[in-house]
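Each chain gets a letter, A, B and so on, in the order its sequence line appears, and its residues count up from 1.
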2 protein chains.
Amino acid sequence: MTSGRVTIADVARRAGVSTAAVSKVVRGAYGVSAEMQTKVTQAIDELGYRPHAAARALRGRTYTLGVMLSDTRNPFFPDIIEGVTGRLGDTEYQVLLGPGGIEPKTQARMTDAMIDRSMDGLILISPVMTDAELAAIATATPVVVVGRHGGAAAYDAVVDDDMMGAKLVVDHLVGLGHTRIAHITHLERARAQGLPHTVRAEGYRQAMRAHGLADDVLATSFTEEGGFEGARELLARDDRPTAIFAGADIAALGVLRAADEAGLSVPEDLSVAGYDNIGIASLKRISLTSVDQDGHVIGATAARLLVERIEGRSRSVTSSVSPTLIVRGTTGPPRL
Amino acid sequence: MTSGRVTIADVARRAGVSTAAVSKVVRGAYGVSAEMQTKVTQAIDELGYRPHAAARALRGRTYTLGVMLSDTRNPFFPDIIEGVTGRLGDTEYQVLLGPGGIEPKTQARMTDAMIDRSMDGLILISPVMTDAELAAIATATPVVVVGRHGGAAAYDAVVDDDMMGAKLVVDHLVGLGHTRIAHITHLERARAQGLPHTVRAEGYRQAMRAHGLADDVLATSFTEEGGFEGARELLARDDRPTAIFAGADIAALGVLRAADEAGLSVPEDLSVAGYDNIGIASLKRISLTSVDQDGHVIGATAARLLVERIEGRSRSVTSSVSPTLIVRGTTGPPRL
DNA sequence: CTAACAATGGAGAACGTTCTACACAATCCC
DNA sequence: GGGATTGTGTAGAACGTTCTCCATTGTTAG
């Protein structure tokens, strides 16, 4: 009352019990009578007591989970967040997000900061650090990595099945009658392995082979400009493809622009498909066929795995989320 | 060495000094000789010491700033974040983001959680809570509110000059020769005052009046569907407008769709302008004229004000950021 | 030469929790 | 009826910092 903060000691005084007892009630620990329970709960309500997280951190948990975001512009990042918070909404855990930036160095700074703040666990979204660095973090605190294939020794992982996603697109296009299907991927510069675009490209190759078709992969970049340049090159060929599968929606938008400029109508002259199902893909003016990653499920799964880890599981788990194909207006049968 | 964490005591032992001295060096406090400085710094490096944030929080600061996000899908939210982190990148402060959700209740839970974690200061982005709640939070910790006009008693504020943004659009359209310019705004349901769309609509009205033109405001919602419905109604009129100014880009996309469906070409038959300058507005396939809020500057300003507050300023400050008009392909002279 | 003072380093008490021991009472089993 | 067991509450030592004194120097002024 007098000073700012109301502490566990104030509650104990009010209820006429020890601080240890109050602590037990607050934590829902074993060894409290019903009477004690009500007495303390009442005192807490009357005084408006809230546990001081920092003090807790010094001994026990902080009930804080950190989510490191590599790229805040990542289109399905809000979905993942919603999945995480949705899953954790009715628990005592609080979620805080850390903007890690796209550099390994800044990401390391962020994870360090989270560990310094003794968070109970970390979810890392598409981290670009080396496997060694990841392993080091995972020994310091429970970790779930989202969006990186392979390498899950000391931590759990949630990945989208990019291999299957690519197959869905190819199967769809082949089903429509296409045979000349090109793929635009991202040019790899980083050393990190198992990144989504690599797996998507591989999935595309396998699926084409399975249909007895020749693959045709062009590496530019996952930007609107990258898609545009790639498509312009592909469309200038004599036996130009009748369908282009861009490894990311943003690149698919560039492909659409290239088609516009080449005077090709979509989907009659050219079918276009993307990946990620970003928000604008559903806008009627774009209506892009794409692969949906269901960030919501990914986030919820990551949250579940992390809580399991915190609560004791030691065996590491990798969860694969199945993507779905969203067919819209940019794909159709090829003109004969 | 033996157990996990290396503490200030370990450093003190290694350097052969007291813990108090190490603390002084770490904090850069007054009363350390050059010799002490180097000795301790060396020991810190050798042991890889990192201050434990929770322990710090118990006595002093946490060097943590919280940013509460109302809507993680807000298109310029990444810009604001970048502005904040960019400004704070070389300081000792760390930024953590809290997804507050769009409900007053969930936002309150988030801010409480941030206060419980004794963050040194809070930036609230478009909070929907009442002025009273905001004031209560501001007494507990330094606060900067972003995106709400008016009412800045106990806290600082950063707002975009939405009034001027609307004027920029109207002036541009009038300059092209338009006289029948309609505005689509968001239908107000919340009680919170000074929200951006209200101010934009008012700015539109004032600007039209200043040109001696009749205003024409239609309230739907800031969604693609809302823009579509609004535009369909406007375009069905006998004296249909030659230009539509949507209060948000997402609605402007709906307007574009309505124009497509009505067989009107943009900008020849209809000029369209939005607000926010979201990423896709710049895609060549959309090329939407829009008002840019410069989230980067907003974020950087908010960060600066917050740090000033934390370091002692008590007088409250409101900073207004000037928007700029980005003219693209969806606006042009009306067909005569 | 001494009193006053500035500069530096250290002791030790907080800060608000958690949690291990332990005390005490009531119940149970033979 | 006595030892073992179970249930409930408390003392008090951590946890890793910060920060207010206080002690010890060395320097300066008169």
Donor + acceptor pair across side chains of B:Thr64, A:Arg117 (<3.5 Å):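 Yes, a side-chain donor-acceptor pair sits under 3.5 Å.
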Determine the minimum heavy-atom distance between B:Val95 and B:Leu97, stating which atoms define it.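 Looks like CG1-CD2, 3.9 Å.
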Taking the basic N atoms (NZ, or NE/NH1/NH2) and the acidic carboxylate oxygens, is any pair closer than 4.0 Å for B:Arg109 and B:Asp112?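 No salt bridge links B:Arg109 with B:Asp112.
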Salt-bridge test for A:Asp131 and A:Arg148: reply yes if a basic N is under 4.0 Å from a carboxylate O, no otherwise.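 A:Arg148 and A:Asp131: salt-bridged.
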Using five pairs at each end of the helix from C:dC1-D:dG30 to C:dC30-D:dG1 to define an axis, what is the angle between those two axes, to 10°?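 Answer for the end axes of this duplex: 40°.
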Partners of A:Arg61 by side chain to side chain contact (heavy atoms under 4.5 Å, CB included), sequence neighbours excluded?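 Only A:Tyr63, A:Tyr93, A:Asp120, A:Ile310, A:Glu311 meet the side chain to side chain contact (heavy atoms under 4.5 Å, CB included) criterion with A:Arg61.
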Is there a side-chain contact between A:Ser33 and the phosphate of D:dG7, meaning an N or O under 4.0 Å from OP1 or OP2?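 Result: no.
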Distance test, side-chain N/O of A:Tyr30 to OP1/OP2 of D:dG7, below 4.0 Å: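 Yes, within the criterion.
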Sequence-aligned protein contact record of nucleotides 12-23 of chain C, with B where the base is within under 4.0 Å of a protein heavy atom and S where only the sugar-phosphate is: B-BBBBBB----
Inter-residue atom distance A:Arg87.CZ - A:Thr301.OG1, 0.5 Å rounding: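 So the CZ of A:Arg87 and the OG1 of A:Thr301 are separated by 8.0 Å.
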Looking at A:Glu92, I want to see if its CD is surrounded by more than 12 non-hydrogen atoms of other residues, nucleotides or ligands under 6.0 Å.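 Buried by this count: over 12 neighbours within 6.0 Å.
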Between A:Val26 and A:Tyr49, is any pair of side-chain heavy atoms under 4.5 Å apart?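 Yes, at least one pair of side-chain atoms sits under 4.5 Å.
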